[in-house]
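Notes to accompany the following structure.
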Amino acid sequence: MSEALSFRFSVDGENFTSAGQASVQVKKNLRQLGLDPEIIRRVSIAMYEGEINMVIHAGGGVAEVKVAEEFVEIILEDHGPGIADIEQAMQAGFSTAPDKIRSLGFGAGMGLPNMKRYTDYMDIESKVGEGTRITMRVNIT
Amino acid sequence: MTVSELKDKLALKVAALPYPEREISGVYIGDLLSWVMGRANCGDAWITIMSNKNIAAVATLADTACVILAEGVEPDEGVGALAEEKGINILLSDAGAYDTAVAMSKLL
Ligand SMILES: Nc1ncnc2c1ncn2[C@@H]1O[C@H](COP(=O)(O)OP(=O)(O)O)[C@@H](O)[C@H]1O
Ligand SMILES: [Mg+2]
């Protein structure tokens with residue numbers, strides 16, 4: 001098997017107004033690889049939601065995307081506050097986003113549900129006070 | 001109908017029009033970005049009153065045909081230029097979201 005191709009991005013936690021750069025770049029990269037447009041759309045939307053969460057809830061982090069033979073894998077890792085109750089966080093509409101973030105159109109509480117919906121596999125590891133690591137996969141075949 | 005034809009038929013103003021020939025297949029209305037990402041279809045015209053930079057990223061990722069800012073809303077400073085650079089069409093409508101969509105439904 002050939003070695004998986006991977007991209008790594010550091011996600012800035014300061015800038016709310018131009019967040020999402022890494023996901024937009026991944027979309028471009030996957031297009032160049034000639035992946036199916038629907039797969040690209042699912043990967044980049046799921047990654048965008050995770051990237052935005054790292055910006056607004058965790059002060060930034062690191063995103064890694066691996067293109068393997070059977071799937072595209074997205075790993076998002078941050079050293080933010082962590083998620084105390086993952087089941088609650090996964091509920092559609094649940095959000096702790098502050099008002100100034102909401103006024104930009106974020107904070108609908110639909111990010112984690114979208115990530116789940118658009119991927120074939122999703123795992124959240126989180127420790128309060130330490131950070132969060134989210135792994136998602138979208139199957140290619 | 002293409003984005004350019006829509007602009008002419010509804011006399012919309014242009015904030016950015018890098019892909020005038022992009023085909024519009026439907027309409028999605030909403031201001032909460034996660035709803036747009038979750039529900040808009042590829043090729044939709046996205047009607048919103050959100051005017052900040054994030055609409056360029058959302059339109060790119062959701063692959064909408066164009067963004068239409070309704071209610072006479074103007075894009076924030078620099079958004080038009082950014083959209084032009086990123087290949088995102090942004091049109092401006094003086095009408096509300098409902099009236100804009102109703103006018104479009106007669107054309108699509
Ligand atoms: N990386 C993260 N670090 C800390 N908390 C997070 C993270 N991602 C999500 N959360 C928590 O989960 C909640 C739900 O996330 P999400 O569904 O994306 O909705 P939203 O971002 O709109 O609030 C957030 O409001 C936040 O409390
Ligand atoms: Mg979110």
Checklist entry - What's the shortest heavy-atom distance between A:Gly82 and A:Thr132, and which atoms? => result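 Smallest interatomic distance, heavy atoms only, reads CA-OG1, 3.5 Å.
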Next on the checklist: What I'd like to find out is whether the side chain of B:Val3 reaches to under 4.5 Å of the side chain of B:Cys66, using heavy atoms alone.
Outcome noted: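 Answer yes - side chains close enough.
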Item to check | By salt bridge (Lys or Arg N to Asp or Glu O under 4.0 Å) - contacts of A:Lys66 (at least two apart) | outcome: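 In terms of salt bridge (Lys or Arg N to Asp or Glu O under 4.0 Å), with neighbours along the sequence ignored, A:Lys66 is linked to A:Glu73.
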Next on the checklist: I'd like to check the side chain to side chain contact (heavy atoms under 4.5 Å, CB included) partners of A:Ala92; sequence neighbours left out, ordered by chain and number.
Outcome noted: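 For A:Ala92 the side chain to side chain contact (heavy atoms under 4.5 Å, CB included) partners, ignoring immediate neighbours, are A:Met110, A:Pro113.
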Checklist entry - In terms of heavy-atom proximity below 4.5 Å to chain A, should B:Met50 be classed as side chain, backbone, both, or neither? => result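 Side chain only.
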Next on the checklist: Which atoms of B:Ala56 are under 4.5 Å from chain A, going by heavy atoms: the side chain, the backbone, both sets, or neither?
Outcome noted: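 Nothing of B:Ala56, per the 4.5 Å heavy-atom cut-off to chain A.
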Give me a line-by-line list of donor-acceptor atom pairs from chain A to chain B that are under 3.5 Å apart, or tell me none exist.
unit_1, atom_1, unit_2, atom_2, d
A:Phe16, O, B:Asn54, ND2, 3.4
A:Lys27, NZ, B:Thr60, O, 2.7
A:Lys27, NZ, B:Leu61, O, 3.3
A:Arg41, NE, B:Ala62, O, 3.0
A:Arg41, NH2, B:Ala40, O, 2.7
A:Arg41, NH2, B:Ala62, O, 3.0
A:Glu49, OE1, B:Ser34, OG, 3.0
A:Glu49, OE2, B:Ser34, OG, 2.9
A:Leu104, O, B:Asn52, ND2, 3.2
A:Gly105, O, B:Leu33, N, 2.9
A:Asn114, ND2, B:Ser34, O, 2.8
A:Arg117, NH2, B:Gly38, O, 2.2
A:Tyr118, OH, B:Met37, O, 3.0
A:Tyr118, OH, B:Gly38, O, 3.2

Next on the checklist: Evaluate B:Leu92 against B:Val14 for side-chain contact (heavy atoms from CB on, under 4.5 Å), listing each step before the verdict.
Outcome noted: CA-CA 6 Å; B:Leu92 310 175; B:Val14 171; over 6 Å; no
Next on the checklist: Does anything in residues 76-91 of chain A form a salt bridge (Lys or Arg N to Asp or Glu O under 4.0 Å)? List the pairs, not counting sequence neighbours.
Outcome noted: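 Every salt bridge (Lys or Arg N to Asp or Glu O under 4.0 Å) pair that includes a residue of residues 76-91 of chain A, provided the two are not neighbours, is A:Glu77-A:Arg133.
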Next on the checklist: Given B:Val79, which partner from the list B:Ile88, B:Val67, B:Ile90 fulfils the side chain to side chain contact (heavy atoms under 4.5 Å, CB included) test?
Outcome noted: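 Single side chain to side chain contact (heavy atoms under 4.5 Å, CB included) partner of B:Val79 among B:Ile88, B:Val67, B:Ile90: B:Ile90.
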